[in-house]
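Counting convention: from 1, in listed order, for ligands and their atoms alike.
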Amino acid sequence: MTQMKLAIDGGEAAVREPLPPALHGVLEIGEEEERAVVAALRQRRPFRFLNKPEESDAAKLEAGYRDLCGSRYALALGGGGTGALTCGLIGMGVSSGDEVIIPGYTYIATAAACLVVGAIPILAEVDDSLTLDPADVERKITPHTRAIIPVHMRGTPADMIPLMDIARRHGLRVLEDVAQANGGTYRGRLLGAIGDAGAFSFQHYKMITAAEGGMLVTDDETLYRRAAIRHDSAMQFWREAEGGADEGGAWPSFAGENLRLDEVRAALGRVQLGRLAGILERCRGIKRRLMQAMAEVAEYAKWSPQRVTDEAGDCGISLSFFCESPDAARWSAEALAAEGVGAGTIYNRQIPDRHIYTHWDYVLNKQTHDTTGWPWTAARREIRYEKKMLPQTLNLLGRCVTLGISQRWSDEQVEGVAQAFRKVGGVAGSRGL
Ligand SMILES: *Cc1c(COP(=O)(O)O)cnc(C)c1O
């Protein structure tokens, strides 16, 4: 075992220059994006429905997602991944007071999407995959459950085979939250194309960006039409103007809002979609190298890697491992940080990380935008939230150290990060950590 003096003990850091941040598409914005955005501006028709589908960047971005996912329908949204989730839920016919099972470890937007459409988010545990624990999902099902939202966290796929099996057995709809795993796969299928619908995000922190925006994909025509109606208060009108009647059947009629994607951001998103495969390939390669380095010391350091449900489908944008105790996790994260590697513990009471349910104050306290208390007043049984309600999730996150990976790290930087793992892991065991 290499026994070099740790940076945390005053030794030299394994990575001396700051690493590029663990961001993806946003770091790739370059001349192609500039040209596409300027071209879209010069059209002077940012409103997508003024352009024929063959001229519209929004329509072409949707076509790109239909191809990528092999889905029949795709709906581009200016309203982000959150808008994709709300439209997906409305599309599925989720209604006021229906229960929707979500993991306690996801961005707060997953819970918010349920609430704004009147659904009650029911929190379930994650397991050592850091995604929904199928056994707990099954325990949380009641006669009022309507849907499940598996979240593919930090690029790693949720365990879709058992989750789909549970959903089918109980007659539940499945909406995949793919905001953090755009381009990932599970058993060879694109994430987002396995459940009844998939919701993507093009926000700054995601795999690719359209500045803001999202995409909903589905094979279900009714779901698509209902989602599209929700995303534009006059959707029926634009469809009729396009001769939508020939698609067969009537469009449903109810009030929507404006979650449309504009042509300028769509143009940016299209260029970024072309970069997705390259970002994935590079991140996956980096993660494989780091996993090898970690494997050399994992046993000695008592580090157990996150269980990745499909290694080939992992986006490779994060590397997480569990220590035996929260103290060991804190020490490992600090020692890695001292080596110049921005690893951190996930659950730390000091940091209000909105990815962990304990920090979702408006959910836990049932705070709403008005004084009626809706949608909790629509719940069909008493719903209680407590900070300690998901002990397995807190136990796992409390012992977890995670590192974000960027395609922008050079080979030399990756070797430095690998060296940091060898150094810190090589010492951790001897310190009883
Ligand atoms: C980012 C994110 C969302 C919301 O996406 P926006 O584009 O910010 O609305 C939803 N779910 C998860 C898991 C996310 O990470």
Any N or O on Q203 sitting closer than 3.5 Å to an N or O of ligand 1?
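Q203 vs ligand 1: no N/O contact under 3.5 Å.
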
Does D177, backbone or side chain, put an N or O under 3.5 Å from an N or O of ligand 1?
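Indeed, backbone or side chain, D177 has an N or O that close.
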
Side chain to side chain, Q306 and T156, heavy atoms closer than 4.5 Å:
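Q306 vs T156: side chains touch.
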
State, with a plain yes or no, whether a side-chain heavy atom of I102 is found less than 4.5 Å away from one of I122.
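Result no, sub-4.5 Å side-chain heavy-atom pair not found.
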
For ligand 1, which atoms sit closer than 4.0 Å to a heavy atom of [X]?
X    : answer
T110 : 11 (N)
A179 : 2 (C), 3 (C), 10 (C), 11 (N), 12 (C), 14 (C), 15 (O)
G80  : 7 (O), 9 (O)
A109 : 3 (C), 4 (C), 10 (C)
T106 : 13 (C)
V151 : 13 (C)
S201 : 5 (O), 6 (P), 7 (O)

[atom]: nearest protein contact (heavy atom, Å):
atom                   : value
atom 6 (P) of ligand 1 : G81 N, 3.3 Å
atom 2 (C) of ligand 1 : K206 NZ, 2.6 Å
atom 9 (O) of ligand 1 : T82 OG1, 2.5 Å

For H24 and I279, which heavy atoms make the closest approach, and how far apart are they?
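Closest pair (atom of H24, atom of I279, distance): CB-CG2, 4.1 Å.
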
Determine whether the side chains of D159 and Y186 contain a donor N or O and an acceptor N or O closer than 3.5 Å.
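Yes - a donor-acceptor pair under 3.5 Å links their side chains.
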
Test side-chain contact (heavy atoms from CB on, under 4.5 Å) applied to A293 - qualifying residues, sequence neighbours left out:
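For A293, the residues satisfying side-chain contact (heavy atoms from CB on, under 4.5 Å) (neighbours in sequence not counted) are A418, R422.
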
For residues 193-206, dump all side-chain donor-acceptor pairs below 3.5 Å to protein atoms at least two apart in sequence or in another chain.
{"residue": "D196", "atom": "OD2", "partner": "V174", "partner atom": "N", "Å": "2.7"}
{"residue": "S201", "atom": "OG", "partner": "Q203", "partner atom": "N", "Å": "3.1"}
{"residue": "Q203", "atom": "OE1", "partner": "Y205", "partner atom": "N", "Å": "2.9"}

Do D314 and R154 sit within salt-bridge range, that is, some charged N less than 4.0 Å from a carboxylate O?
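R154 and D314: not salt-bridged.
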
Over 60° means perpendicular and under 30° means parallel, so tell me whether Y107 and H355 are parallel, tilted or perpendicular.
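Y107 vs H355 ring planes: tilted.
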
